[in-house]
Student: 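Here it is: the structure, laid out below.
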Amino acid sequence: MFMQRVIQTLSRWYNLESRDLPWRQTTDAYCIWISEIILQQTRVVQGVGYYNRFVMELPNIQSLANAEEGDVLKLWQGLGYYSRARNLHYAAKQVMTEFGGVFPSTYKDILRLRGVGNYTAAAIASFAFGEKVPAIDGNVKRVGARFFGLHAPIHTMGFQKELFSLLFELMDGADPNVFNQAMIEVGATLCLPTQPKCDVCPLAEACIARLQNLQKQIPVVAKKQKPKDKYFYYVDIEVGGERVLVRREGEGIWQQLYEFPMIEGDGADWDLETVAKGLGIVENFVVKGDRSFKHQLTHQTIYARCWYLCISSDKFVLNDGWERFNEEEFLLKPIHRLMEKMIKFT
DNA sequence: CATTCGTGGCA
DNA sequence: TTGCCAAGAAT
């Protein structure tokens, strides 16, 4: 049939033209799992280095389950969405306790793991175990919407259910591994949001959006809300050659990562005296520098100002939760990009 | 169903 | 400079 030939063309294109990526060299469910978590909302070029370091350092489920959470976070340093690292660690323990140390091999079982949702479970089940289940990520949503000519907004459940049904039917008889990988690959390299390369696309002859010239109208994407402003005032304190850090607690952003002592402000141009008092610093100090920068997040913009203080003596008493780090120790602790930027300032 | 989680590249 | 958003999941 026509569709069967299109899928053959897709498969042939994938085998000839797909990128050579490290996680495509293995059928080890553990490695594929690590790669899928790393690649959530993350570009391949950014994730590949993290993947190589991660599987080198923690090559199997046992080593990850037995690792310290701080070491797992350290491997994640700078990648963002740090709950992925904590969930990964938690899920490794799940595999040890709930699955007897053997990585689950079905979509249904894989879905039980913390941090593994619809897409990731389908990806692992099809890539590592050949299970027939569509893996629908952002790429496949775009490819599918255009290929089937779906006008529903891609973030809705209605779209998700219809696409799942259509893909499940389309992949009948195909190799689930190759089919899913190929759909993702088409989205990542050809079926781009703007300027899709329809002239070299293996799906072009059957693509509704292309046949009706609707590539600009499909997929229908919801507008994103504007970022809100937040103002963080940090102090970089040096005490006797050591720096002061605080570990973030609670439920918010960057939880369990280290940062300079900070108070949140309202946007007014606070002076260092006010910030220091707000942090409970009453000893004499000397200002060594004053740097500020803007940091973009998904739904907020953080305006951070960093002051570099030198506390004059060893009489300085650390507040509760404050810790001292020398340069060597400091680099071993999990820190995030914001911290790295600040350190470059001082 | 809407928000909240990072980071970096690019038009 | 600003906006967009990439191999999503949890709440």
Side-chain angles (χ1 to χ4, degrees), chain A residues 14 18-19 21-24 31-51 73 76-88 90-91 110-128 134-144 152-161 177 180-189 191-195 219 221-230 248 250-257 259 293-302 304 334-341:
Chain A
Y14 177 77
S18 62
R19 295 165 295 176
L21 303 172
W23 44 85
R24 287 179 174 164
C31 294
I32 291 170
W33 171 52
I34 300 298
S35 75
E36 288 303 329
I37 301 297
I38 287 176
L39 290 169
Q40 286 171 5
Q41 299 291 282
T42 303
R43 295 177 187 279
V44 166
V45 285
Q46 193 190 2
V48 60
Y50 283 88
Y51 171 82
L73 283 169
W76 217 264
Q77 180 187 130
L79 192 54
Y81 287 131
Y82 297 93
S83 61
R84 290 183 294 174
R86 292 189 301 273
N87 291 339
L88 207 59
Y90 183 96
I110 297 168
L111 195 54
R112 293 176 49 79
L113 299 176
R114 178 83 59 96
V116 173
N118 248 318
Y119 161 73
T120 303
I124 300 171
S126 60
F127 298 167
I136 303 177
D137 70 337
N139 285 313
V140 178
K141 281 183 183 177
R142 184 173 56 256
V143 175
I154 61 173
H155 70 277
T156 61
M157 273 304 296
F159 174 86
Q160 179 82 19
K161 287 188 67 177
N177 177 12
N180 282 337
Q181 294 263 27
M183 291 295 284
I184 293 168
E185 189 74 359
V186 166
T189 64
C191 195
L192 308 176
T194 62
Q195 312 250 329
V221 183
K223 284 184 181 176
K224 291 197 172 177
Q225 63 186 90
K226 275 189 175 178
K228 297 171 182 175
D229 294 348
K230 296 177 80 73
R248 289 183 70 102
E251 295 299 306
I253 194 171
W254 299 317
Q255 67 186 88
Q256 299 176 53
L257 302 189
E259 66 179 0
F293 61 89
K294 191 168 73 172
H295 185 264
Q296 294 284 141
L297 288 84
T298 307
H299 292 307
Q300 58 193 11
T301 303
I302 288 183
I335 58 173
H336 48 74
R337 278 279 182 247
L338 193 58
M339 293 294 298
E340 292 181 338
K341 287 178 180 175

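Given the structure is predicted, the values throughout are model-derived calculations rather than measurements. Lettering of chains follows the sequences in order, A, B, ..., and the numbering in each one begins at 1.
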Student: Roughly, in whole Å, what's the span from NZ in A/Lys223 to P in B/dT3?
Tutor: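 It works out to 15 Å between those atoms.
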Student: Considering non-hydrogen atoms only, spot the tightest contact between A/Gly187 and A/Leu192 and give its length.
Tutor: O-CD2, 3.9 Å
Student: Hey, does A/Thr156 reach any base, or is it just sugar-phosphate, or nothing, if we go heavy atoms under 4.0 Å?
Tutor: nothing
Student: Report yes if the side chains of A/Met183 and A/Pro134 come closer than 4.5 Å at any heavy-atom pair, otherwise no.
Tutor: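 No, their side chains stay 4.5 Å or more apart.
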Student: Please report the distance, rounded to the nearest Å, between CG in A/Leu192 and P in B/dA11.
Tutor: 11 Å
Student: Using a 4.0 Å heavy-atom cut-off, does A/Arg24 contact any base of the nucleic acid, only the sugar-phosphate backbone, or nothing at all?
Tutor: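 A/Arg24: base contact, heavy atoms under 4.0 Å.
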Student: Look at the side-chain N and O atoms of A/Tyr81 and state whether any lies under 4.0 Å from the OP1 or OP2 oxygen of B/dT4.
Tutor: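 The answer is no; no side-chain N or O of A/Tyr81 sits under 4.0 Å from OP1 or OP2.
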Student: How many whole angstroms separate atom NZ of A/Lys230 from atom P of B/dG6?
Tutor: 12 Å
Student: When rounded to the nearest Å, what value does the distance between P atoms of B/dA11 and C/dA7 take?
Tutor: 16 Å
Student: Is any side-chain heavy atom of A/Gln40 less than 4.5 Å from a side-chain heavy atom of A/Tyr81?
Tutor: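 No; the side chains remain at least 4.5 Å from each other.
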Student: Take the protein atom CD of A/Gln195 and the nucleotide atom P of B/dC10, then report the distance between them rounded to whole Å.
Tutor: 15 Å
Student: Of all the nucleotides listed (B/dA2, B/dC5, B/dT7), which has the minimum atom distance to the side chain of A/Trp254?
Tutor: B/dT7
Student: Let me know the distance between CD of A/Gln41 and C1' of B/dG6, rounded to the nearest Å.
Tutor: 10 Å
Student: So what does A/Ala135 hit on the nucleic acid, given a heavy-atom distance under 4.0 Å: a base, only sugar-phosphate, or nothing?
Tutor: nothing
Student: Would a 4.5 Å heavy-atom cut-off, applied to side chains only, mark A/Arg248 and A/Leu257 as touching?
Tutor: no
Student: With heavy atoms of chain A within less than 4.0 Å as the criterion, where does contact along DNA chain C begin and end?
Tutor: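 Terminal contacting nucleotides, 5' to 3': C/dT2 to C/dA10.
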Student: Could you check how far CD of A/Glu259 sits from P of B/dG6, rounded to whole Å?
Tutor: 12 Å
Student: If you assign each of A/Ala121 and A/Gln46 to its closest nucleotide in DNA chain C, which residue comes earlier from the 5' end?
Tutor: A/Gln46
Student: Do A/Leu113 and A/Tyr90 come close enough that some side-chain heavy atom pair is under 4.5 Å?
Tutor: no
Student: What integer distance in Å separates A/Arg84:CZ from B/dC5:C1'?
Tutor: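 Rounded to whole Å, this separation is 10 Å.
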